[in-house]
Amino acid sequence: MSHAALPDKPALEGLEAKWGEAWEAQGTYRFDRAAAEAAGKSSVYAVDTPPPTASGSLHIGHVFSYTHMDLAARYQRMRGKHLFYPMGWDDNGLPTERRVQNYYGVRCDPSLPYDPDFTPPFEGGDNKSSKAADQVPVSRRNFIELCEKLTVEDEKQFEDLWRALGLSVDWSLTYRTIGDEAQRAAQRAFLRNLSRGEAYQSDAPTLWDVTFRTAVAQAELEDKEMPGAYHRVSFHTPDGGTIEIETTRPELIAACVALVAHPDDERYQPYFGTTVRTPLFGVEVPVVAHRLAQQDKGSGIAMVCTFGDVTDVIWWRELDLATRPILGKDGRILADPPPGVEGAAAEVYAEIAGKTVFSAKARMVELLTESGDLHGEPRAITHPVKFFEKGDKPLEIVTTRQWYITNGARDEALNARLIERGTQVAFHPDFMRVRYENWVGGLSGDWLISRQRFFGVPIPVWYHLDENGEITGEPIVPTEDQLPVDPSSMPAPGFDEAQRGEPNGFVGEVDIMDTWATSSLTPQIAGRWEEDPALFDLVFPYDLRSQGQDIIRTWLFSTMLRAELEHGTVPWTNAGISGFIVDPDRKKMSKSKGNVVTPAAMLESHGSDAVRYWAASSRLGTDAAFDPQNPKQMKIGRRLAIKVLNAAKFVYSFPAPAAAEAGSAAVTEPLDIDMLATLSEVVQTATAAYDGYDHARALEVTEQFFWTFCDDYLELVKERAYGSQGEAGQASAVAALRLAIDVMLRLFAPVLPFATEEVWSWTHDGSVHTAAWPTVDEIGVDAQHGGLLALVSQALIGVRRAKTDAKASQKTPVTRAVLAAPALLSFAADDLKAVGRIAELELTEADEIAVVSIELGELPTS
RNA sequence: GGGCUCUUAGCUCAGUUGGUUAGAGCGCCACGUUUACACCGUGGAUGUCGGGGGUUCGAAUCCCUCAGGGCCCA
């Protein structure tokens with residue numbers, strides 16, 4: 001044989017590096033496009049891979065979910081599919097900017113010129129070391145260059161980790177969401193949305209993060225419980241009376257445009273249609289009725305401001321109220337008072353102008369106290385406040401001009417289509433579809449995609465300027481063959497750069513797209529949509545989207561949306577949703593706990609197969625407990641991988657008579673046949689399980705068989721395999737053992753790619769990972785004596801127990817034993833005698849196995 | 001407040017369309033160094049299937065209800 005010799009002492013150590021290199025060198029996981037094209041789309045299995053946030057750190061949850069994806073991929077590859085399995089990095093967006101700011105101690109100031117010789121103040125800063133005030137301002141281009149540099153470094157580390165984990169991706173198919181191809185795809189998709197009327201610009205109240213100074217989309221919101229206080233404040237009726245409202249935001253009284261109460265609320269019904277004057281400012285505002293006003297909250301009547309929260313926006317829109325904004329994008333009260341705040345009121349307003357929300361509130365409380373409009377002490381409460389999920393300060397609502405993409409929130413037909421598409425995707429587990437449907441059903445506005453940031457895909461439009469230098473007319477768009485474009489550094493088509501900002505010239509859009517506006521196109525990006533139509537047709541729609549449950553509302557939904565808008569189809573036919581990792585106290589694992597073990601250390605100390613086993617033993621959608629101090633499942637996985645090495649080595653160590661080369665045709669002994677028949681059932685079960693994306697079930701059934709194989713079958717036949725019962729019996733045992741190992745290696749291959757490949761290499765030239773998934777036909781036996789293996793196992797346990805009870809070694813010979821057993825057992829009597837060292841075995845027929853009597857002999861002294 | 005999900009051995013989890021005595025691994029206890037494996041082997045003990053009610057010849061499984069945990073959305 002040309003294969004590697006059997007090692008004396010097989011070990012897991014070093015297998016990751018050895019086989020990682022071999023797979024790369026041999027192109028084991030390369031997408032064979034020519035073959036795929038020849039065989040047609042149905043021969044392709046395409047995986048839409050989550051591009052991890054390059055600026056984040058990979059944690060154990062990533063390993064969990066990416067392993068689940070890899071299990072499906074490896075199974076399909078062995079089923080003969082051509083795997084299209086790319087990997088991307090999500091490197092654009094706010095997380096990268098924040099990391100770059102901290103790492104290099106810089107911040108972006110787009111007003112500065114580019115400095116080609118710029119070197120950052122330092123490298124390697126962590127999150128705490130860099131305060132905004134200490135950061136060196138740099139030009140947009142310098143800033144982006146640093147982003148580029150750092151993400152490339154980060155991505156290298158990510159790739160190393162994924163390779164160590166044994167992900168079978170085709171590393172020649174890597175993409176970056178900031179790369180030119182991704183930018184082209186994102187801009188092209190946007191332009192098509194625009195031309196179809198699915199993308200539009202609108203002046204609207206927008207959730208705004210004052211720290212990052214950018215607009216934020218609905219999907220990025222997070223409610224946090226925050227302390228607040230109800231302030232009881234008087235509004236004045238024309239007849240000199242007052243209405244008391246309770247508000248947590250007295251600083252917004254200047255922005256008040258109405259009071260609102262529930263239509264059924266008898267206390268306030270007389271006031272509907274009248275007006276009141278605001279305290280301090282004396283602005284006349286209407287008293288209106290709306291069903292969203294909560295009668296049991298505060299005094300049952302609320303002030304509507306432009307804008308204090310999202311309910312204000314609804315009231316403002318539905319009740320057609322005035323607009324009186326007082327809050328700027330920097331989170332401070334605007335310098336100039338809003339419409340209606342005039343004269344003496346403007347002087348009051350000057351007291352809070354320019355202040356932060358916090359200071360303005362304090363000042364307002366003082367002023368209200370002086371005027372007698374504030375009653376009693378503020379009443380402390382805690383209430384949910386909307387935050388940007390990455391932000392540290394509550395979101396404000398400001399009116400800005402932003403870009404949106406329709407998402408079904410205001411379009412019932414589209415909404416219905418999206419729900420319908422959801423039913424065309426097989427979710428694993430199925431109940432995860434509900435999360436998608438809930439999200440689609442609960443959309444409250446179109447998708448805000450513009451961000452006032454720097455490191456991202458530019459929104460590819462320019463604007464005409466009129467003779468006064470004001471923006472006018474329709475946006476200028478590039479042609480698709482000009483993409484990607486950067487309107488902030490490239491002139492608009494048909495213009496010269498010198499005309500930028502000039503009357504009758506142009507300006508470029510400076511906003512970039514939300515990162516999800518690019519990530520929602522991962523199938524199109526990886527499949528080279530419009531750049532390589534033959535490839536795209538071959539892979540799209542994909543077969544599998546694999547991801548965590550936490551990003552159903554963002555990534556999964558937005559990908560469905562883009563595919564529906566652009567292609568009128570689902571982007572993939574299966575969605576595998578992994579659960580998340582909880583610590584031993586069943587709390588969600590978080591970085592802030594400090595005891596997080598990095599995945600690299602985990603792979604290093606337990607071995608990749610062990611870590612994969614841990615992931616594989618959890619079903620999709622099921623949360624997994626993980627205790628870094630005592631990673632039980634990994635230890636078990638490691639033991640299994642070692643056992644696979646040792647068991648295989650043992651099997652291959654038996655001398656093989658020529659007849660054994662005949663494969664299953666040489667298998668003539670009833671016990672051997674029954675073992676293989678049992679294995680056939682395992683193959684059937686495991687195959688069905690993988691077909692249903694139930695890798696945990698496939699692993700469980702394979703593992704259970706493997707241990708029976710090792711503990712019982714292997715022990716039973718080893719004497720015969722050494723040749724103690726003649727050549728035919730030996731050939732039968734050896735052929736059966738080898739066939740079983742061969743099949744089991746392939747069953748285990750997705751979970752334990754390193755150990756199985758190592759063993760496979762001892763007797764094969766190719767990779768186990770491109771070998772054919774085992775089939776019942778290939779095992780090729782008929783179970784004529786069904787249950788024999790199970791029966792002998794049971795008898796063997798009885799004999800072992802007798803020896804254990806006698807505190808004797810299992811080596812102890814048995815001079816005579818009487819077993820009651822079904823007649824079937826006689827077919828394996830010789831093997832049972834051999835393993836039990838039974839000199840004389842008498843069988844009496846019975847329905848149940850029982851050891852009737854046993855006489856132990858003397859252990860030979862050595 | 002709404003939706004989803006979970007509750008089975010000390011721990012982590014299986015348990016299919018309801019069907020004999022509810023399983024596995026870990027841990028624990030005892031024994032054993034047998035020519036693959038001490039990162040080992042063999043054997044053993046361990047349950048009010050969250051509580052209550054119902055359907056049924058029969059319920060961990062189906063229905064109702066209560067309690068608790070988790071996630072998502074308000």
Side-chain angles (χ1 to χ4, degrees), chain A residues 6-13 218-219 221-223 292 294 310-311 384 386 429-444 548-553 577 579-580 582 584-588 606-607 610 613-614 617-619 621-627 630-654 685 688-689 692 694 696-697 699-701 703-704 707-708 710-712 714-715 718-719 722 737 741 759 796-813 834-837 859-860 862:
Chain A
L6 293 189
D8 278 347
K9 241 181 152 22
L12 297 178
E13 279 67 32
Q218 183 188 354
L221 298 187
E222 212 171 75
D223 276 1
L292 286 181
Q294 293 179 37
V310 289
T311 319
K386 297 226 177 298
D430 188 64
F431 66 77
M432 287 293 180
R433 179 182 294 101
V434 177
R435 308 243 176 131
Y436 167 81
E437 289 173 347
N438 285 349
W439 179 252
V440 175
L443 288 165
S444 64
Q549 54 178 313
D550 50 331
I551 49 176
I552 289 175
R553 64 177 174 164
I577 310 293
F580 54 76
V582 293
D585 302 326
R586 299 217 67 81
K587 294 271 161 36
K588 201 172 169 179
H606 298 94
Y613 174 91
W614 162 74
S617 55
S618 286
R619 291 169 305 162
T622 305
D623 301 341
F626 177 65
D627 181 356
N630 184 25
K632 279 188 216 163
Q633 285 295 313
M634 292 183 192
K635 290 178 178 173
I636 297 165
R638 181 176 175 80
R639 197 183 63 154
L640 175 65
I642 292 170
K643 189 84 173 177
V644 166
L645 294 177
N646 283 314
K649 186 199 134 187
F650 187 42
V651 164
Y652 292 133
S653 73
F654 291 115
T685 307
D694 189 354
R697 171 81 180 130
L699 171 60
E700 182 191 10
V701 67
E703 188 184 9
Q704 211 206 323
W707 285 103
T708 301
C710 290
D711 294 347
D712 296 341
L714 199 38
E715 296 293 333
K718 75 167 136 181
E719 293 297 329
Y722 278 125
L737 284 165
I741 284 288
V759 172
L796 179 56
I797 288 169
V799 173
R800 284 168 175 160
R801 176 162 39 210
K803 291 183 179 178
T804 299
D805 287 350
K807 298 188 191 296
S809 160
Q810 293 298 323
K811 263 198 313 196
T812 310
V835 67
R837 294 172 189 254
L859 201 58
S862 53

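As a basis for the values below, the full set of heavy atoms in this structure was taken, side chains included, without hydrogen atoms, waters or symmetry mates. The chains referred to below are lettered A, B, ... by the order of the sequence lines, with proteins before strands, and numbering in each begins at 1.
- The gap from the C1' atom of C49(B) to that of U21(B) amounts to 15 Å, rounded to the nearest Å.
- Counting non-hydrogen atoms under 4.0 angstrom, Lys9(A) reaches the backbone sugars and phosphates but no base.
- Rounded to the nearest Å, the gap between the C1' atom of G27(B) and that of C11(B) is 7 Å.
- Put simply, CD1 on Ile551(A) is 13 Å from P on C72(B), counting in whole angstrom units.
- Taking the nucleotide of RNA chain B with the nearest heavy atom to each of Lys649(A) and Leu12(A), the more 5' of the two is matched to Lys649(A).
- Between U55(B) and G18(B), the distance separating the two C1' atoms is 11 Å to the nearest Å.
- When side chains are defined from C-beta on, Gln218(A) counts as touching Ser444(A), because their heavy atoms get closer than 4.5 Å.
- Nearest-nucleotide assignment on RNA chain B puts the 5′-proximal partner with Ser653(A), out of Ser653(A) and Ser444(A).
- OP1 or OP2 of G41(B) has at least one side-chain nitrogen or oxygen of Lys643(A) nearer than 4.0 Å.
- Within the structure, the salt bridge (charged side-chain N to carboxylate O under 4.0 Å, His left out) test picks out the following pairs touching residues 429-443 of chain A (sequence neighbours left out): Asp430(A)-Arg433(A).
- Applying the salt bridge (charged side-chain N to carboxylate O under 4.0 Å, His left out) rule to Asp223(A) yields the partners Lys386(A); only residues at least two apart in sequence or on another chain are considered.
- Leu714(A) places a side-chain heavy atom less than 4.5 Å from the side chain of Val651(A).
- Scanning for side chain to side chain contact (heavy atoms under 4.5 Å, CB included) contacts around Thr685(A) gives Arg697(A), Val701(A), with sequence neighbours left out.
- Looking at residues two or more places apart in sequence or on another chain, you find a side chain to side chain contact (heavy atoms under 4.5 Å, CB included) between Thr311(A) and Leu292(A), Asp309(A), Trp315(A).
- When the side-chain nitrogen and oxygen atoms of Arg801(A) are compared with OP1 and OP2 of G44(B), one or more of them lie within a distance under 4.0 Å.
- For the residue pair Thr804(A) and Gln810(A), a side-chain donor N or O sits within less than 3.5 Å of a side-chain acceptor on the partner.
- Between U12(B), C39(B), C71(B), one nucleotide has an atom nearer to the side chain of Gln549(A) than all others, and that is C71(B).
- With sequence neighbours excluded, no residue forms a side chain to side chain contact (heavy atoms under 4.5 Å, CB included) with Asp8(A).
- Among the atoms of the strands shown, none is found under 4.0 Å from any heavy atom of Glu703(A).
- Atom-to-atom, CG of Leu796(A) to P of U42(B) comes out at 9 Å; the value is rounded to the nearest Å.
- Rounded to whole angstrom, the span from the CG atom of Asp223(A) across to the C1' atom of C72(B) amounts to 11 Å.
- Between Gln218(A) and A74(B) there is a side-chain N or O to OP1 or OP2 distance below 4.0 Å.
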Once base and sugar-phosphate atoms are separated, protein heavy atoms under 4.0 Å mark nucleotides 17-28 of chain B, 5' to 3', with B, S and - as --------SS--
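- Taking atom CD on Gln810(A) and atom C1' on U34(B), their separation rounds to 8 Å, with Å as the unit.
- Within the 4.0 angstrom heavy-atom criterion, no nucleotide atom of any strand lies near Gln294(A).
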How does RNA chain B look in dot-bracket form if you count Watson-Crick and G-U pairs under 3.5 Å, write [ ] for pairs that cross, and put | where a base pairs with another strand? (((((((..((((.....[...)))).(((((.......))))).....(((((..]....)))))))))))).
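- Contact annotation for Arg697(A): no contact, since no heavy-atom pair falls under 4.0 Å across all strands.
- Contact check, Arg619(A) against G15(B): a side-chain N or O comes under 4.0 Å of OP1 or OP2.
- With Tyr613(A) as the fixed residue, the side-chain contact (heavy atoms from CB on, under 4.5 Å) test singles out one of Arg638(A), Lys635(A), Gln633(A), Met634(A): Gln633(A).
- Asp805(A) comes within 4.0 angstrom of no nucleic acid atom, judged by non-hydrogen atoms across all strands.
- Put simply, CZ on Arg800(A) is 9 Å from C1' on G41(B), counting in whole angstrom units.
- The side chain of Asn646(A) lies closest to A36(B) when the candidates are U33(B), A36(B), A74(B).
- Of the candidate nucleotides U42(B), G70(B), C13(B), U42(B) has the atom nearest to the side chain of Asp711(A).
- For Tyr652(A), there are no ring pair (Phe, Tyr, Trp, His ring centres under 6.0 Å) partners at least two apart in sequence or on another chain.
- Here Tyr722(A) pairs with Phe654(A) under the ring pair (Phe, Tyr, Trp, His ring centres under 6.0 Å) rule; sequence neighbours left out.
- Taking atom CG on Leu714(A) and atom P on C40(B), their separation rounds to 17 Å, with Å as the unit.
- Within the 4.5 Å cutoff, the side chain of Glu719(A) has no heavy atoms near those of the Val835(A) side chain.
- When the P atom of A36(B) is taken as reference, atom CD of Glu715(A) falls 8 Å away, rounded to whole Å.
- Side-chain nitrogen and oxygen atoms of Lys807(A) include none within less than 4.0 Å of the OP1 or OP2 phosphate oxygen of G32(B).
- Nucleic acid contact class of Trp707(A) (heavy atoms, under 4.0 Å, all strands): sugar-phosphate only.
- Look at CG on Asp550(A): it is 10 Å from P on C73(B), rounded to the nearest Å.
- The nucleotide whose nearest atom lies closest to any side-chain atom of Arg553(A) is, among C73(B), C71(B), G43(B), C73(B).
- Listed by chain and number, the residues in a salt bridge (charged side-chain N to carboxylate O under 4.0 Å, His left out) with Arg837(A) amount to none (sequence neighbours excluded).
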Enumerate all atom pairs, one protein N or O and one N or O from nucleotides 3-8 of chain B, separated by less than 3.5 Å.
{"unit_1": "G3(B)", "atom_1": "O2'", "unit_2": "Asn438(A)", "atom_2": "ND2", "d": "3.2"}

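- By the salt bridge (charged side-chain N to carboxylate O under 4.0 Å, His left out) test, Lys718(A) is found to be paired with Glu715(A), residues two or more places apart in sequence or in another chain being considered.
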